[in-house]
Amino acid sequence: MKSLKMALIVQKFGGTSVGSVERIRAVAERVTASHRTGHQVVVVVSAMSGETDRLLQLARALADAPAERELDTLLSTGEQVTIALLSMALESIGQPAISFTGGQVAIMTDSAHTRARIEHIDDHKIRAALDAGKIVVVAGFQGVDPHGNITTLGRGGSDTTAVALAAALHADECDIFTDVDGIYTTDPRVESRARRLDRITFEEMLEMASLGAKVLQTRSVEFAMKYHVPVRVLSSFQDGPGTLVTNEENSVEAPRVSGIAFSRNEAKITVVGVPDHPGIAYAILGPISAANINVDVILQNVSEAGKTDFTFTVERNDFAKTQGILQGVARELGAEDVRGDTHIVKVSVVGVGMRSHAGIAATMFETLARENINIQMISTSEIKISVVIEEKYLELAVRALHAAFALDGEVPA
Ligand code: ADP
Ligand code: ASP
Ligand code: MG
């Protein structure tokens, strides 16, 4: 029975939540209050807001393509600053605490620098410190590979550190404190009528995150789903129930669409006039995938006079690299041209209720047509429909779809 034993909770605070000494002091007070109610507390912190970007700029000022191993060594320092400061803040209010970097814990990852995956966490040091009555402060976003190299987990990776620690420690709760008071029907910064959800399923949150909703890193949701870690997203600035990410409940009828996600991190490439014969898709996409570039939406036109156009999207920061690779490929294939467009975005509607409701796609396309927004590409799965559109229509599309699927709440005063 859980009530008989002390609960172990993991609390993660993002960049804005530790963005100044005042904020760090407020975090120290909050986690101390949790500890005083009798819980064991592990705190995961991000770098102070803007710090990771600042470090990236320093690197880029010195090298066009900095070595990824060195980038990780650099970027991991942001979180090392906040763990030390938070531990000091805790000690200064009389709360025993100890900080650990990812390497010190040890959070073991593979060697994929800048996007490493956590493979194993040794919980010995954390348990010993908790049992000694301390609050344990762990650096988010970082780990160490089998050769002792510092690795990082990709942007937003502190969420994954928190959920992975909660799984490894069999924590009773994993709270993600951020600058919004929960997960909304869409990014509240784009649509002020967005509504906070009380709950969302792992599956829907996984789609929302992978389609661009950065409130949780995609991998953190994968971890939570796999190891059944209930995750709550809350505001670090105000009290409230937040949003619980959890398993689907059959009793409640799922709404048709539960959220709208979008991503600006998109670019489109078209190989024009390729001879249409078997093996074309492989010839074009093989070298892209060999370069570790993710291809997302793909479209091949019907052929005319034995030739076709082949279009696909990649992340915007992979655009230049992709174009470089394709110049050679296009020549070999006898294609007429390679065209690129970085002014596109992807907007998606997500909901497990789609499985049992027809007509979502029709409503989506009708809504965009009414706003005169041209759909360039479409991709669907069981619980989402995504469209690629021109970037300048992003806000309009999100708001129109939010209203069309009856997600609008009250406009805040
Ligand atoms: P942190 O630094 O705490 O990790 P992030 O900036 O990574 O915070 O994530 C929180 C941000 O996610 C919010 O400020 C909000 O703009 C954005 N966001 C995008 N989609 C959503 C959504 N559906 N619900 C809530 N926030 C969202
Ligand atoms: N500091 C890292 C970033 O800005 C990790 C995180 O905040 O989760 O991406
Ligand atoms: Mg984040």
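Counting starts at 1 for both ligands and their atoms, in listed order.
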Ring pair (Phe, Tyr, Trp, His ring centres under 6.0 Å) partners for F141, two or more places apart: none
Straight-line distance of M48 CE to L85 CG, nearest 0.5 Å: 6.5 Å
Just how far is it from atom OG1 of T109 to atom CZ of R115, taken to the nearest 0.5 Å? 12.0 Å
Is the NZ or CZ atom of R23 both under 6.0 Å from the centre of the six-membered ring of F237 and within 45° of that ring's axis? yes
List of N/O pairs, ligand 1 versus protein, all under 3.5 Å?
from: ligand 1; atom 1: 2 (O); to: G15; atom 2: N; distance (Å): 3.2
from: ligand 1; atom 1: 3 (O); to: T178; atom 2: OG1; distance (Å): 2.7
from: ligand 1; atom 1: 4 (O); to: K12; atom 2: NZ; distance (Å): 3.1
from: ligand 1; atom 1: 6 (O); to: K214; atom 2: NZ; distance (Å): 3.3
from: ligand 1; atom 1: 8 (O); to: T178; atom 2: OG1; distance (Å): 3.1
from: ligand 1; atom 1: 14 (O); to: D179; atom 2: OD1; distance (Å): 2.9
from: ligand 1; atom 1: 14 (O); to: R189; atom 2: NE; distance (Å): 3.0
from: ligand 1; atom 1: 14 (O); to: R189; atom 2: NH2; distance (Å): 2.5
from: ligand 1; atom 1: 16 (O); to: D187; atom 2: OD1; distance (Å): 2.9
from: ligand 1; atom 1: 16 (O); to: D187; atom 2: OD2; distance (Å): 3.3
from: ligand 1; atom 1: 16 (O); to: R189; atom 2: NE; distance (Å): 2.7
from: ligand 1; atom 1: 23 (N); to: Y184; atom 2: O; distance (Å): 3.0
from: ligand 1; atom 1: 24 (N); to: Y184; atom 2: N; distance (Å): 2.9

Can you produce the list of protein nitrogen or oxygen atoms under 3.5 Å from a nitrogen or oxygen of ligand 2, alongside each distance?
from: ligand 2; atom 1: 1 (N); to: T52; atom 2: OG1; distance (Å): 2.8
from: ligand 2; atom 1: 1 (N); to: E79; atom 2: OE2; distance (Å): 2.7
from: ligand 2; atom 1: 4 (O); to: T52; atom 2: OG1; distance (Å): 3.3
from: ligand 2; atom 1: 4 (O); to: R155; atom 2: NH2; distance (Å): 2.9
from: ligand 2; atom 1: 7 (O); to: S46; atom 2: OG; distance (Å): 3.1
from: ligand 2; atom 1: 8 (O); to: G157; atom 2: N; distance (Å): 3.4
from: ligand 2; atom 1: 8 (O); to: S158; atom 2: N; distance (Å): 3.0
from: ligand 2; atom 1: 8 (O); to: S158; atom 2: OG; distance (Å): 3.1
from: ligand 2; atom 1: 9 (O); to: R155; atom 2: NE; distance (Å): 2.7
from: ligand 2; atom 1: 9 (O); to: G156; atom 2: N; distance (Å): 2.9

Can a salt bridge be assigned to the pair R155 and D53 using a cut-off of 4.0 Å between side-chain N and carboxylate O? yes
Single hit among T73, N149, D72 for side-chain hydrogen bond (donor to acceptor under 3.5 Å, both in side chains) with H113: D72
May I ask you to test the E315-E266 pair for a side-chain heavy-atom distance under 4.5 Å? no
Show me the side-chain donor-acceptor pairs of residues 225-233 shorter than 3.5 Å, one per line, residues at least two apart or across chains.
from: R232; atom 1: NH1; to: P241; atom 2: O; distance (Å): 2.8

Taking side-chain contact (heavy atoms from CB on, under 4.5 Å) as the criterion, tell me which of V338, I298, N301, L333 meets it with F310. I298
